[in-house]
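Each remark here refers to the structure printed beneath this line.
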Amino acid sequence: MKKIALRILAVAMVFLVFTSCSKEFFEPIGVYEEEININVTKVYQISPAEMRVDFMVQNLSDYDYSPSVDGQFFVEFSIFSTSGYETYNEVPIDRLYSGEGYRDYIIVPIDPRMNYNINDLQYTVYNAGR
């Protein structure tokens with residue numbers, strides 16, 4: 001009887017150990033590109049050859065973003081001319097605590113000989129470290 005009770009106790013303990021292990025033990029904790037939110041606040045032409053993009057970056061993750069741990073994230077802004085020519089520029093994302101955000105801007109060079117629609121601005125967040 002004691003052996004059966006000890007076996008049941010041992011199985012219960014093993015079960016409790018494995019069920020208490022969290023998913024984060026098997027998958028690395030960190031911030032992913034999908035958890036960085038970009039809000040473009042204003043786009044305007046500041047010279048015949050440059051367009052300025054004002055934007056806000058926000059960390060939607062429950063974890064702090066650190067470039068040294070999570071990899072270096074960049075935001076790439078691109079715009080197409082009416083004839084299909086693409087021009088772009090990118091800016092690195094600085095350290096962000098969980099739920100924190102900051103405002104920034106970037107200058108995107110454009111060809112003054114072409115026409116651009118500022119509503120066609122596209123952006124993407126990517127990780128250069130992964």
Side-chain angles (χ1 to χ4, degrees):
M1 189 69 167
K2 269 188 172 181
K3 286 183 180 181
I4 295 174
L6 288 175
R7 284 185 184 171
I8 292 174
L9 182 63
V11 169
M13 290 176 63
V14 168
F15 178 75
L16 288 174
V17 166
F18 282 111
T19 57
S20 67
C21 291
S22 67
K23 181 181 171 185
E24 291 144 1
F25 179 76
F26 301 105
E27 293 181 13
I29 297 174
V31 178
Y32 297 95
E33 297 90 357
E34 302 84 30
E35 297 170 319
I36 301 294
N37 186 36
I38 305 296
N39 289 321
V40 176
T41 56
K42 196 171 187 183
V43 180
Y44 51 97
Q45 198 165 344
I46 57 174
S47 75
E50 294 176 324
M51 197 167 286
R52 178 178 165 144
V53 179
D54 295 338
F55 63 96
M56 182 171 181
V57 179
Q58 187 175 12
N59 180 0
L60 301 178
S61 172
D62 292 334
Y63 303 105
D64 297 340
Y65 163 67
S66 174
S68 62
V69 175
D70 299 308
Q72 182 62 62
F73 289 0
F74 284 86
V75 183
E76 180 182 275
F77 292 94
S78 62
I79 189 164
F80 288 88
S81 69
T82 52
S83 60
Y85 174 74
E86 180 185 18
T87 182
Y88 67 93
N89 203 357
E90 61 189 18
V91 62
I93 297 175
D94 297 330
R95 180 178 176 89
L96 277 172
Y97 295 104
S98 175
E100 181 185 52
Y102 67 89
R103 294 183 182 275
D104 203 354
Y105 73 92
I106 187 170
I107 306 296
V108 179
I110 57 174
D111 188 342
R113 300 169 292 173
M114 297 189 182
N115 295 325
Y116 294 90
N117 182 354
I118 60 174
N119 295 324
D120 290 337
L121 181 76
Q122 299 175 358
Y123 57 87
T124 184
V125 177
Y126 69 93
N127 188 345
R130 286 188 188 161

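Bear in mind that the values here come from a model prediction, so they are computed numbers and not experimental data.
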Set of residues satisfying salt bridge (Lys or Arg N to Asp or Glu O under 4.0 Å) with respect to D111, sequence neighbours excluded: R113
Report yes or no: do [X] and [Y] belong to one cluster of Ile/Leu/Val/Met/Phe/Trp/Tyr joined by side chain heavy-atom distances under 4.5 Å?
X    : Y    : result
I107 : V53  : no
I79  : V125 : yes
M56  : V40  : no
I38  : Y88  : no
L121 : F80  : no

Rounded to the nearest 0.5 Å, how far apart are [atom1] of [X] and [atom2] of [Y]?
X    : Y    : atom1 : atom2 : value
E86  : S81  : CD    : OG    : 10.0 Å
M51  : I106 : CE    : CD1   : 13.0 Å
Y97  : D64  : OH    : CG    : 6.5 Å
L60  : I36  : CG    : CD1   : 7.5 Å
S66  : Q72  : OG    : CD    : 9.5 Å
I110 : Y85  : CD1   : OH    : 10.5 Å

Residues passing the side chain to side chain donor-acceptor pair (under 3.5 Å) test with Y126, sequence neighbours excluded, are E90
Quick one: are the ring centres of F73 and Y65 less than 6.0 Å apart? yes
Name all residues meeting the ring pair (Phe, Tyr, Trp, His ring centres under 6.0 Å) criterion together with F55; count only those two or more places apart in sequence or in a different chain, and write none if there are none. F77
Under the side-chain contact (heavy atoms from CB on, under 4.5 Å) test, which residues partner Y102, sequence neighbours left out? V57, I93, D94, L96, D104
Partner set under side-chain contact (heavy atoms from CB on, under 4.5 Å) for N117, not counting sequence neighbours: N119, D120
Going by side-chain hydrogen bond (donor to acceptor under 3.5 Å, both in side chains), name the pairs with one or both residues in residues 35-45, residues two or more places apart or in two chains. Y44-R52
In short, S61 meets S98 closest at the heavy-atom pair O-OG, 2.7 Å
Residue pair Y116 / T87, side-chain heavy-atom distance below 4.5 Å: yes
Any side-chain heavy-atom pair from T82 and M114 closer than 4.5 angstrom? no
